[in-house]
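Values reported hereafter were calculated over all heavy atoms of this structure, with side chains retained and with hydrogens, waters and symmetry mates removed. Computed from a predicted model, the values in this text were never measured in an experiment.
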Protein chains: 2
Amino acid sequence: MERRAREILSVARPILLEDGFQALSMDRVASQMEYAKGTIYNHFPNKEEIVLALAVQGMKLRRALFAKAVEQPGGSRHRLACVGAACEFFVSNCFDDFRIEQLLRQVNIWDKTSEHRQNTIREYETSCIGLVSTVVQAAVESGELQPPPGMDPPEIVFGFWAICYGSQVLAHSSPGLKEVGIPDFGRAMRIHLNSLCNGFGWQPFMNWQQHIELMDSVHQQLSSDFHQIITSQREDQ
Amino acid sequence: MERRAREILSVARPILLEDGFQALSMDRVASQMEYAKGTIYNHFPNKEEIVLALAVQGMKLRRALFAKAVEQPGGSRHRLACVGAACEFFVSNCFDDFRIEQLLRQVNIWDKTSEHRQNTIREYETSCIGLVSTVVQAAVESGELQPPPGMDPPEIVFGFWAICYGSQVLAHSSPGLKEVGIPDFGRAMRIHLNSLCNGFGWQPFMNWQQHIELMDSVHQQLSSDFHQIITSQREDQ
DNA sequence: GTCAAATTATGACGCCCCGTCAAAAAGTGT
DNA sequence: ACACTTTTTGACGGGGCGTCATAATTTGAC
């Protein structure tokens, strides 16, 4: 990506994250740079395309975290826990990128943006699902998991994806979660992910306490790797 | 609600659903009625408030469906299946309202709207969680479910909520789901919900086939009740 | 039926945003 | 120094937001 485009993105990102999609306007981006509005339009045909470009950066980072998680040694369930840790880490440490990902599922970004960048996003998403699917696949091959007949690894992944995504979105968009009796959604999410594994008979069986201990240890193990990935990605673009 | 406000909402609803939040403008609503823009502003201070008012209608409907589901006789797991059926029914038959609910978690509706209507929304949400929690509570009291220590019914509900919400949002916002190996997300969602129950040891244990049969029969049983609720609610407002 | 007071409706206005495009500026090669 | 190409500029038309002085309508007292 050209230097100019990167400059534009670095100006647009804080606007988007501090004041939301509505507040991101070409005029505002232009006025915060040494360029006029027309110049911005030479690089991005509309603000949706800027958002998409920012999302590409975020999803690249997410995939790198997933790749690191998946390549960990150990049993399939341990490796799945590593992916879970990557998800939690991404939301905690790259909350910006998480929110931009969410934007993609909300606003009508897709109508106005280039097919090329859309495909890039789709490829990252497919790639992430694929990475997690390899863990499920390994579990099936090693006999640790016997999925329901006719249920392929990606469909298993879908469940974990839904719990992670659903939990995090609900938690960050329902202010009164504590008041309705859900004081610690992160703990609840971990327990549900573990219960779903148990429900599929994924070996070795773990009770909620073992799983939470596993998650904590996995977090510690991967923390420095993850942080390194973040910094190296930030340098790239 | 006054007659005028209802008129405005009935004009705004199709605009919102056909052309999205961006396209909903006070000018456009006004031009489609026999009133001027200023009159619209006498009833709703901004378009966000209109969206919130539409969401109230939808959530009222959702809660009515949940109430009907929860009051069904039978074991706790059967009753939970009824709630699941209500969720599926809501998305299928009130897709409009489902999409408006989603808007609430996306756009910055909350900054610009009245606290009163916000509270109404929150109350409906709390009420829905509460209804489902009663089923979980009944399961605990009857001994069909032994939740992890320190995990209250709402936290259990949170997992099912996350799967339902997450699955449906992901499915409706990731066009290429089939291409990545998830041909029938509805079936996958049911299987995951069932596996989560099994993972908590919720009795009676069901395999995926028993659960899907249960869901189908529950749908048939409740279909006419649900349709009746829809029509009676539509008359109200 | 009349009229003044209260309520409600109107739409022009100022401000901001989008995306365009002709004109200006800067850069390039000879 | 000059012609040609590339890049930048910002004014412009179209449109949305929210306001508010003015106009129309309703109300109710006599």
Item to complete: Just jot down the side chain to side chain contact (heavy atoms under 4.5 Å, CB included) partners of A:Glu71, sequence neighbours excluded, or say none.
Response: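 Here the qualifying residues are A:Lys68.
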
Worksheet item: Which residues pass the side chain to side chain contact (heavy atoms under 4.5 Å, CB included) test with A:Gln118, sequence neighbours left out?
Response: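 A:Gln118 satisfies side chain to side chain contact (heavy atoms under 4.5 Å, CB included) with A:Leu52, A:Trp110, A:Thr113 only.
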
Spacing between [X] atom [atom1] and [N] atom [atom2], to the nearest angstrom:
{"X": "A:Ile50", "N": "C:dC17", "atom1": "CD1", "atom2": "P", "value": "14 Å"}
{"X": "A:Glu7", "N": "D:dT8", "atom1": "CD", "atom2": "C1'", "value": "14 Å"}
{"X": "B:Tyr35", "N": "D:dT25", "atom1": "OH", "atom2": "C1'", "value": "12 Å"}
{"X": "B:Ile40", "N": "C:dT8", "atom1": "CD1", "atom2": "P", "value": "15 Å"}
{"X": "B:His43", "N": "C:dA9", "atom1": "NE2", "atom2": "C1'", "value": "9 Å"}

Discussion item. Strictly below 4.0 Å: does B:Asn42 bring a side-chain N or O up to OP1 or OP2 of C:dT8?
Written reply: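 Checking C:dT8 against B:Asn42, no side-chain N or O comes under 4.0 Å of OP1 or OP2.
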
Item to complete: Output yes when at least one side-chain N/O atom of A:Arg4 is less than 4.0 Å from OP1 or OP2 of D:dT7, else no.
Response: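 Looking at the OP1 and OP2 atoms of D:dT7, neither is under 4.0 Å from any side-chain N or O of A:Arg4.
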
Worksheet item: So A:His227 and A:Phe89, would you call those rings parallel, tilted or perpendicular, with 30° and 60° as cut-offs?
Response: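 Aromatic pair A:His227/A:Phe89 classed perpendicular.
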
List every contact pair, protein side and nucleotides 12-18 of chain D side both N or O, where the distance is under 3.5 Å.
from	atom 1	to	atom 2	distance (Å)
D:dC17	OP2	B:Met26	N	2.9
D:dC17	OP2	B:Asp27	OD1	3.4
D:dG18	OP1	B:Lys112	NZ	2.9
D:dG18	OP2	B:Tyr41	OH	3.2
D:dG18	N7	B:Lys37	NZ	3.3
D:dG18	O6	B:Lys37	NZ	2.5

Practice prompt. Applying side chain to side chain donor-acceptor pair (under 3.5 Å), name anything that partners B:Gln102, two or more places apart in sequence or on another chain.
Written response: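 Here no residue qualifies.
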
Practice prompt. Would you list the pairs meeting salt bridge (charged side-chain N to carboxylate O under 4.0 Å, His left out) in which at least one residue belongs to residues 160-176 of chain A, sequence neighbours left out?
Written response: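 Sorted result for residues 160-176 of chain A: empty, none.
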
For residues 152-169 of chain A, please give each side-chain donor-acceptor pair under 3.5 Å, one per line with the distance, not counting sequence neighbours.
from	atom 1	to	atom 2	distance (Å)
A:Glu155	OE1	A:Asp152	N	2.9
A:Ser167	OG	A:Ile163	O	2.6

Discussion item. Suppose we screen for salt bridge (Lys or Arg N to Asp or Glu O under 4.0 Å). Which residues come up paired with A:Arg190, at least two apart in sequence or across chains?
Written reply: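 Applying salt bridge (Lys or Arg N to Asp or Glu O under 4.0 Å) to A:Arg190 gives A:Glu88, A:Asp216.
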
I'd like a table of donor-acceptor pairs (distance under 3.5 Å, sequence neighbours excluded) in which one partner is a side-chain atom from residues 12-26 of chain B, with atom names and distances.
from	atom 1	to	atom 2	distance (Å)
B:Arg13	NH1	B:Asp97	OD1	3.1
B:Arg13	NH2	B:Gln57	OE1	2.9
B:Arg13	NH2	B:Asp97	OD1	3.2
B:Asp19	OD2	B:Arg28	NH1	3.3
B:Asp19	OD2	B:Arg28	NH2	2.7
B:Ser25	OG	B:Arg28	N	3.0

Strictly under 3.5 Å: I want the nitrogen or oxygen pairs between protein and nucleotides 22-24 of chain D, one per line.
none

